[in-house]
**Q** 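Attaching a single structure in structure tokens format; questions to follow.
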2 protein chains.
Amino acid sequence: MQLDKVTEERPTEAKRSYDDACGTAHALELIGERWSLLVLRELMLGPRRFSELRADLPGISANVLSQRLDELEARGLARKLRLPPPASVQVYEATAWGLEAEPIVQALGRWAARSPRHDPTLPISGVSILLSFRTMIDRDQARDLDARIGFRFGEVGYVARLRGGSIDVERGDPHGCDVVFTTAPTMLAAVVYGGAPLDSIGVEGDIALAKRFTTLFPLPPKVA
Amino acid sequence: MQLDKVTEERPTEAKRSYDDACGTAHALELIGERWSLLVLRELMLGPRRFSELRADLPGISANVLSQRLDELEARGLARKLRLPPPASVQVYEATAWGLEAEPIVQALGRWAARSPRHDPTLPISGVSILLSFRTMIDRDQARDLDARIGFRFGEVGYVARLRGGSIDVERGDPHGCDVVFTTAPTMLAAVVYGGAPLDSIGVEGDIALAKRFTTLFPLPPKVA
DNA sequence: CCGTATCCAATAAGATACTG
DNA sequence: CAGTATCTTATTGGATACGG
């Protein structure tokens, strides 16, 4: 009698709900699935292609990434778009509301930085480390700096504008910045957060500024 | 040849890792499983018993709650303790670091409040609504208030101290507060966030203050 | 090459019954 | 009450095959 395995199509998105009016619970229904928030994080500094996302989210499988992107789109946090010719490639872009999730990413990152079992030697994506700079910057120490810091992570470049104690980042050609770091993101993390020597990565431009920049991101004390 | 289904015991907690140095990813390894953060949320205003947690997390099953509590404990976010006699009951309490996750809960809640598909009529726990007050208070409108607001949610009481535009909450007997609300949390939410009339819930004390209190928590505009 | 779709094995979550 | 034990269902991940 257990025949007719009815395939039980959920009409729309009934899903597993927390059945809780609490905003936190609702947020978890929007971005609480495994990988969701990390996919959204990767969109925080501009549109990305499927293969870039896959490369920067080590361990995600193609079908899960595909599903997460569909969900983000259905929930209004991202959209799929095709760049105009001659590029004509498909990219995924965060919506304005999706970008507003950055404080969530920051709160999580700031909190977890105190974890005794955090392993900072694992690989890190370019977007992650740049967002971590926005999170961890010591505003008092940075307040009097006004500079443009460039990053070349393989093919992609970013320009960070440091001013008034905070940092804005966008994708772009770092040519002409006051300092340009050329490195894999994980090496840059080793320098900024792990105390590795500055000359283990590529630096052009104002070396004194580069040195100062790498000291602007103090880690909080560990819990245990 | 695929015999020997070795039962592959993971020695300790190898688990599914994101393999990512990003603090956000690590945070998700600590509190990213389903229910984890909501369990921690329920501990934010003081120790709770297993059955209270189960009652305030509608839909969680005993085995999952049990597992989540064990994980929170193993990760240093909560601890299990036995109250001294004559109570002698077992309760779960957040650690100091666990309590530091409140900004995460707030960032999620504030962000999700803009969601077009948020349903504020669902049930809500006492802890949730009190935390939402801490999140959503309009500091400018509240700055000149100094008052003690009491809440009776069934058996349990809370006292909120409103001062300097922010709110502190602790468990305790609301007797003697300037206002005391006696209601189910979900009804209180209907009044504060849903515009239901104040007289749909129990109010004792300074009624004008009560009215003013219920207007201190404006919701942000919806996204769509 | 850029994704999608499908299949399968491994885990996690949910429901329910049961024990000290 | 405070969980365990057991069973069922759902989700995830990995491999691979397919369509544009």
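Letters A, B, ... mirror the listed sequences (proteins, then strands); counts begin at 1.
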**Q** Both distances under 3.5 Å, Watson-Crick or G-U wobble: on that basis, could you give the dot-bracket string for DNA chain D, with [ ] for crossing pairs and | for other-strand partners?
**A** ||||||||||||||||||||

**Q** Between A:Trp97 and B:Trp111, how do the two ring planes meet: parallel, tilted or perpendicular, split at 30° and 60°?
**A**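 Parallel, since the angle between the ring planes stays under 30°.
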
**Q** Just call it for A:Arg54: base, sugar-phosphate, or nothing, with non-hydrogen atoms closer than 4.0 Å on any strand.
**A**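 No contact at all - A:Arg54 keeps every heavy atom at 4.0 Å or more from the nucleic acid.
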
**Q** Within less than 4.0 Å of OP1 or OP2 of D:dG3, is there a side-chain N or O belonging to B:Gln90?
**A**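 Affirmative; the distance criterion is met.
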
**Q** Rounded to whole Å, please give me the gap between CG in B:Leu83 and P in D:dA2.
**A**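 After rounding, the gap between these two atoms is 11 Å.
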
**Q** State whether B:Arg34 places a side-chain N or O below 4.0 Å from either non-bridging phosphate oxygen (OP1 or OP2) of C:dA12.
**A**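 False: B:Arg34 side-chain N/O out of range (4.0 Å or more) of C:dA12 OP1/OP2.
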
**Q** Within 45 degrees of the ring normal and closer than 6.0 Å to the centroid, is that where the cationic atom of B:Arg34 sits relative to A:Tyr18?
**A**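 The answer is yes; both the distance and angle limits are met.
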
**Q** Using the six-membered ring wherever Trp is involved, compare the ring planes of A:His26 and B:His118 and label them parallel, tilted or perpendicular (cut-offs 30° and 60°).
**A**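 If you compare the ring of A:His26 with that of B:His118, the planes turn out parallel.
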
**Q** Using OP1 and OP2 only, check whether a side-chain N or O of B:Arg68 sits under 4.0 Å from C:dA13.
**A**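 B:Arg68 to C:dA13 OP1/OP2: side-chain N or O found under 4.0 Å.
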
**Q** Closest to the A:Ser66 side chain: D:dG13, D:dT4, C:dT4?
**A**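 Between D:dG13, D:dT4, C:dT4, the one nearest the side chain of A:Ser66 would be C:dT4.
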
**Q** Just compare D:dT12, C:dG14, D:dG13 and give me whichever is closest to any side-chain atom of A:Asn63.
**A**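 The answer is D:dG13.
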
**Q** Taking only side-chain nitrogens and oxygens of A:Lys80, does any of them come within less than 4.0 Å of OP1 or OP2 of C:dC2?
**A**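 Checking C:dC2 against A:Lys80, no side-chain N or O comes under 4.0 Å of OP1 or OP2.
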
**Q** Which is it for B:Val89 and B:Phe50 under the side chain to side chain contact (heavy atoms under 4.5 Å, CB included) test, yes or no, and what are the steps along the way?
**A** CA-CA 10 Å; B:Val89 298; B:Phe50 190 93; over 6 Å; no

**Q** Whole angstroms only, please: what is the CG-C1' distance between B:Leu65 and C:dG14?
**A**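 About 13 Å, once rounded to whole Å.
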
**Q** Would you tell me whether B:Arg41 and B:Ser128 have side-chain atoms, one donor and one acceptor, within less than 3.5 Å of each other?
**A**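 There is such a pair (donor and acceptor under 3.5 Å, judged by atom type) between the side chains of B:Arg41 and B:Ser128.
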
**Q** In whole angstroms, how far is the C1' atom of C:dG3 from the CZ atom of A:Arg48?
**A**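 Result: 16 Å.
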
**Q** Using OP1 and OP2 only, check whether a side-chain N or O of B:Tyr92 sits under 4.0 Å from D:dG3.
**A**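 Yes, B:Tyr92 has a side-chain N/O under 4.0 Å of OP1/OP2 on D:dG3.
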
**Q** Rounded to the nearest 0.5 Å, how far does OG1 of A:Thr182 lie from CG of A:Leu188?
**A**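 Answer for the CG-OG1 pair, A:Leu188 versus A:Thr182, is 10.5 Å.
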
**Q** Rounding to a whole Å, what distance do you find between A:Ile60:CD1 and C:dG3:P?
**A**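 It works out to 14 Å between those atoms.
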
**Q** Could you give the CG-to-P distance, from A:Leu28 to C:dA13, as a whole number of Å?
**A**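 Result: 13 Å.
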
**Q** Answer with yes or no whether the side chains of B:Ser17 and B:Asp19 bring together a donor and an acceptor at under 3.5 Å.
**A**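 No, because no side-chain N or O of B:Asp19 sits under 3.5 Å from a partner of the opposite role on B:Ser17.
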
**Q** What is the distance, rounded to the nearest whole Å, between atom CG of A:Asp70 and atom P of C:dG3?
**A**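 Distance check: A:Asp70 CG to C:dG3 P gives 12 Å.
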
**Q** CG of A:Leu69 versus C1' of C:dG3: gap in Å, rounded?
**A**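 Atom CG in A:Leu69 sits about 11 Å away from atom C1' in C:dG3.
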
**Q** D:dA10, OP1 or OP2 - any side-chain N/O from A:Arg16 closer than 4.0 Å?
**A**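 The answer is no; no side-chain N or O of A:Arg16 sits under 4.0 Å from OP1 or OP2.
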
**Q** Nearest-Å distance, CG (A:Leu53) to C1' (C:dC2)?
**A**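 One finds 12 Å between C1' of C:dC2 and CG of A:Leu53, rounded.
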
**Q** Can you tell me which nucleotide in C:dA15, C:dA13, D:dG13 comes closest to the side chain of A:Trp35?
**A**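 Output: D:dG13.
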
**Q** When rounded to the nearest 0.5 angstrom, what distance separates CG in B:Leu40 from CZ in B:Arg68?
**A**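 If we round to the nearest 0.5 Å, B:Leu40:CG and B:Arg68:CZ are 12.5 Å apart.
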
**Q** Nearest-nucleotide wise, let me know which of A:Ser51 and B:Ala62 is further upstream toward the 5' end of DNA chain C.
**A**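 The residue closer to the strand's 5' end, by nearest nucleotide, is A:Ser51.
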
